[in-house]
Amino acid sequence: MTLNLTLLILMGVMFAVGIYLLLERSLTRVLLGIILISNGVNLLLLQTGGRAGDSPLVVDGDVDAPFFDPLPQALLLTAIVIAFALVSLMLALIYRSWVLARQDELSDDEEDRRVASQPIYDPEEDSEVPTETTEFAVEDLESSRLLNPRTGRDEDLPVASAHTPEDDGDGRPDHGTGR
Amino acid sequence: MVKAGVYLVARMAPGFHETALWMPTVLGVGLATMLVGAWRALRQTDIKLVLAYGTVSQLGFLVMINGLGTEDAALAGLAMLLAHGLFKAALFMVVGIIDHETGTRDLTRLSGLGRSQRALFWISAVSVASMAGLPPLFGFVAKEVVFESFYGYAEVHPGWGWVVTVGVVVASALTVAYSARFLWGAFGTKRRTTGEPLETTPFHAPAGVVFLAAPALLAAATVLLALWPAPVQRLIDPFVSLFHPVSEGAPGTYLALWHGLTPVLGLSVLAWGLGLGLFAVRERFGRLQQRTPAVFDAERGYRSSVKLLDVVAVWLTSVTQRGSLAWYLFIIIAVATGLVSGVLLFTAHQVPQSWIIAEQPLQLVLAVVIVAGAIGAVWAPKRFMAVLMVSLCGYGIAGLFALQGAPDLALTVLLVESIVLVVFVLALRNLPAGIWTQNPARFKIGRVVLGIGFGLAMMGALAVGMDSRVAVPISEEFPWMAYEVGQGANIVNVTLVDIRVWDTFGEITVLAVAATGVASLIFVKRRDARRRSLHEVPTGSVGRVLNEDNLTPRQAKEIRVARSFSTVAREAWLVAGRTVAPEHRSIIFEVVTRLMFHAIILLSLYLLLAGHNLPGGGFAGGLLAGLALTLRYLAGGRYELEAAVPFSASALMGWGLALACSTGLVSLLAGGHIFQSAMLDVDLPVFGEHHVGSAIMFDVGVYLVVVGLILDILRSLGSEIDVRSEMENRAAERGDPYHGHGLHSETTLGVAR
């Protein structure tokens, strides 16, 4: 297909200026950048139709006339109207931002910045937890002596008297099953 | 849960075991897991961890056998899975009982339980023996078949087959050793260094019958299934039939306690011997393990990889997440530019051969205007000036569309640009006139470079893409399809309402959503609330200047003159014209609007109806009608707009969508495809004979949606903001510190005026 250098360069300019504005802080300029970028996209779609041609209107039943490709035109028409709706929505956003914060410029997100300055070591997540060898006892680390899991007391228990209903009053969950 | 992976391997083995990567992965990972897990199990002092690492080892074992993909292996894999479930579940329950009753799982503290807890000991002994693969237990039955599968595999595939078989036997020996270690650790009587036995660890309460029943049941099943494996065999057989024997005609194996004096039995005996030997020298072996560096310490590996992840994450976050949206966009666009240019530079493609400078000189002129507009938009220090510059680009592009042969596009762009200009002023009128309130352009050079880079990349991509077409474009067919099937001469319009009608249907839905978004951003609570009827509105009340102290003498004089005219009792040009404050009225504008409004609406209907054959259609027509409404609003204020359209914007859009949707459904109900168009010949007395396509109804739906969209925009960005500004001004008048804006002389509206 034949390239049209004017349209090609114009598309490049639209993208370049659009992106320059898009990266601004002023919301209005960001929106203008988006409009220019969508202009660039429109020019891109236009060029996919190739060289200029007749308006796509069939005259006297001649369907073989050298029409300008109708498909990109249909896509473009959709794109133009959608872009209009988008611009309106963004204008409403800008207005709301102005009403709420008296501000039409993008501000930095402080939360994001805090992440960068946080230490790698997080005591809650990264500290070494000593391995436990039981799920049922509170261990007195100094004496390394076993405690009765039901009373939490350090006592020698005769096997038979270990479990009485009143023992459960210490707030520990009752792990007893099937007894 | 942990066996979900094994299930997946077994599930996929029928289809995948012949692919190239399957065997090395399954056998390599499986064997490594089995050996490392067993080795680690021998180092644990917590009996639950002994079992847990044992499970890791067994999982490796199960993955290997289930992935082998032969008939024998399929049988062996599922049998081993069942055996493992039976003994491992029982053993974990035993550990639970011991922990619950003694308060510890540490094997250096547990002592003498073998003698004090006989029942628990025997349940464990049966399960542990099954784990070690001792007869007459189901673990033995399963492991025999597993060994047989590997042995058979090794005979057909010598080399790696033998490596795997030897590895499995070694790991089995380790399994025997940790099984023994578990039984000894949980139930054995330990001795002090002086030689005297430790006192028996007390049970807080005797383990009850029901407590013991669950593991006992599992242990019983282990014995029973070993003596009578037929039911298991029957269950597994359908799965086995998915596989082929390891070699053509090799006899399949079966589950049984006794297969005869085979080499496989020898392997089992070897594993027992080695394992028990290892257990016998456990103290020396333990010292050996202590000296061996823990290369395969998965836990340490996990911890260091998580730590590395933390470090990288924080570093990456600090580099990329600066909290600035512009910076994020910069990165995204830079990556896109890099990718596109990279592909363009480093791949082979055709360089475009034919090119022209422009279709005609006028194109060049328009291009210069557009570039000027773009540069002006960057340069403009005032908000409204920048908007005007961007509009200049838009109007220029409309011209380019017209020159290229796209009258529909040119028409639509012209209308859209006009409305956008109005909407911009309406939305931004309360904002400061200057664009900057603080720090203007930062990081300029980087943005210029990126913009130019991206523009060049897109130009390159388009130039290359244009020459890459290999097929005939589908749109070659569109002209005759539109003319003969769609019965319309305007190919673009028929494309929109017929050929690609789904696109358009989606688009008008988006329009309705966007309109709702705009309305909800402005109204916040509810829109279309009933306003006062027209005769209740006092004359000259809308937008009246309240605070006259700040006016210059000249402005004050102008207002006095304007107000003196407003009392004239004559029939108004516009129904709500009298409601507007006299200082904001323009009689000329009202007269022009009065004269033009109906003509424009008529023209918009013409565009709508003629669009099937001539430039126009629902979009252009709707936009033009919207422009007419805009005129009414600008000339006569918000009550004029209410009078012009007495129903809500959402109702318009809803009816539009419903109409468009129903044209699709009607054709479906009539027995055709959805959105299939139908023709109707109408012979009207005055208008003559006419073709009416059902597609016209779709276009009417589009028209209504577009009018609704613009009405919604006017009512929210126009009327509602008016109301709010007036309330603020009144508040400012009362001395309320709530932000007052006076005459907006410093704002975008002031500049626009």
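For the numbers below, each heavy atom of this structure counts, side chains included, while hydrogens, waters and symmetry mates do not. Protein chains get the first letters and strands the later ones, always in sequence-line order, with residue 1 at the start of each.
Atoms OG and CZ, from A/Ser38 and A/Phe84 in turn, are 13.0 Å apart once rounded to the nearest 0.5 Å. Annotation: the span from B/Leu107 atom CG to B/Arg109 atom CZ amounts to 11.5 Å, rounded to 0.5 Å.
B/Pro407 is listed as a side-chain neighbour of A/Pro56, based on a closest heavy-atom distance under 4.5 Å. The shortest side-chain heavy-atom distance between A/Asn42 and A/Leu46 does not fall under the 4.5 Å cut-off. A heavy-atom distance below 4.5 Å is found between the side chains of B/Pro432 and B/Arg383. B/Leu428 is not listed as a side-chain neighbour of A/Trp98, based on a closest heavy-atom distance of 4.5 Å or more. Here the side chains of A/Tyr95 and B/Arg724 are in contact, with some heavy-atom distance below 4.5 Å.
Using a 3.5 Å distance cut-off with no hydrogens or angles, the side chains of A/Asn4 and B/Gln404 do not pair a donor with an acceptor.
Interface remark: A/Met14 contributes side-chain atoms only to the contact with chain B (heavy atom separation under 4.5 Å). With a 4.5 Å cut-off on non-hydrogen atoms, B/Phe330 touches chain A through its backbone and its side chain both. With a 4.5 angstrom heavy-atom cutoff, B/Ile522 touches chain A via backbone and side-chain atoms both. Interface residue A/Ile35: only side-chain heavy atoms are found under 4.5 Å from chain B. For chain B, the nearby parts of A/Leu93 are the backbone and the side chain; heavy atoms of each come within less than 4.5 Å. Of the two parts of A/Leu10, only the side chain, counted from C-beta on, holds a non-hydrogen atom closer than 4.5 Å to a non-hydrogen atom of chain B. Contacts between B/Leu325 and chain A at a heavy-atom distance below 4.5 Å involve the side chain alone, from C-beta outward. Heavy atoms closer than 4.5 Å to chain B are found in the side chain of A/Val87, but not in its backbone. With a threshold of 4.5 angstrom between heavy atoms, B/Ile713 approaches chain A through side-chain atoms but not through N, CA, C or O. In this structure, chain B has heavy atoms under 4.5 Å from both the backbone and the side chain of A/Asn39. With a 4.5 Å cut-off on non-hydrogen atoms, B/Ile397 touches chain A through its side chain but not through its backbone. Of the atoms belonging to A/Leu22, heavy atoms from both backbone and side chain fall under 4.5 Å from chain B. Only the side chain of B/Val510 comes within contact range of chain A, judged by heavy atoms closer than 4.5 Å. For B/Ile47, no part sits under 4.5 Å from any heavy atom of chain A, backbone or side chain. Within the 4.5 angstrom heavy-atom criterion, atoms from both the backbone and the side chain of B/Asn490 approach chain A. Heavy-atom distances place the side chain of B/Leu717, and not its backbone, under 4.5 Å from chain A. Heavy atoms closer than 4.5 Å to chain B are found in both the backbone and the side chain of A/Ile9. If you measure heavy-atom distances from B/Asn493 to chain A, you find no contacts under 4.5 Å at all. Proximity to chain A is absent for every atom of B/Ile499, based on heavy atoms less than 4.5 angstrom apart. For A/Ile19, the part sitting under 4.5 Å from any heavy atom of chain B is the side chain, from C-beta outward, and nothing else. Both the backbone and the side chain of B/Val387 come within less than 4.5 Å of a heavy atom of chain A. The part of B/Ile333 that comes within reach of chain A is its side chain, from C-beta onward, which places non-hydrogen atoms under 4.5 angstrom from that chain.
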Atom pairs and distances, side-chain donor-acceptor, residues 62-77 of chain A, under 3.5 Å, sequence neighbours left out:
from, atom 1, to, atom 2, distance (Å)
A/Asp62, OD1, A/Asp64, N, 3.2
A/Asp69, OD1, A/Leu71, N, 3.2
A/Asp69, OD1, B/Ser475, OG, 2.6
A/Asp69, OD2, B/Ser475, OG, 3.1
A/Gln73, NE2, A/Phe68, O, 3.2
A/Gln73, NE2, A/Asp69, O, 3.4

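With hydrogens and angles ignored, the 3.5 Å screen pairs a side-chain donor or acceptor of B/Arg447 with a backbone N or O of A/Tyr20. Between the side chain of B/Asp408 and the backbone N or O of B/Pro615, no donor-acceptor pair lies under 3.5 Å. Side-chain atoms of B/Glu417 never come within 3.5 Å of backbone atoms of B/Val413 as a donor-acceptor pair (strictly under, hydrogens ignored). Put simply, the side chain of A/Arg51 never gets that close to the backbone of A/Thr2: no donor and acceptor are under 3.5 Å apart. Remark: side-chain polar atoms of A/Arg29 are not paired, donor with acceptor, to backbone N or O of A/Glu24 under 3.5 angstrom. Checked by atom type and distance alone, the side chain of B/Thr337 never pairs as donor or acceptor with a backbone atom of B/Gly453 at under 3.5 Å. At distances below 3.5 Å, at least one donor-acceptor pair connects side-chain atoms of B/Thr102 with backbone N or O atoms of B/Thr104.
Of the listed residues B/Tyr483, B/Trp315, B/Phe478, B/Trp480, the one with more heavy-atom pairs under 4.5 angstrom with chain A than any other is B/Tyr483. Between chain A and the options B/Ile474, B/Thr412, B/Val306, B/Leu49, the largest number of non-hydrogen pairs under 4.5 Å is found for B/Thr412. By number of non-hydrogen pairs under 4.5 angstrom with chain B, the leading residue of A/Asp54, A/Leu86, A/Ile82 is A/Ile82. Ranked by heavy-atom pairs under 4.5 Å with chain B, the list A/Ile80, A/Leu8, A/Val17, A/Leu36 is led by A/Leu8. Top candidate by heavy-atom pairs under 4.5 Å with chain A, chosen from B/Ala620, B/Ala213, B/Ala367, is B/Ala367. Of the listed residues (A/Thr78, A/Val13, A/Ile94), the greatest number of heavy-atom pairs within a distance under 4.5 Å of chain B belongs to A/Thr78. Per-residue counts of heavy-atom pairs under 4.5 Å with chain A were compared for B/Leu623, B/Leu496, B/Thr504; the largest is that of B/Leu496.
Looking at every heavy atom in both residues, B/Asn613 comes nearest to A/Leu57 through O-CD2, 3.8 Å.
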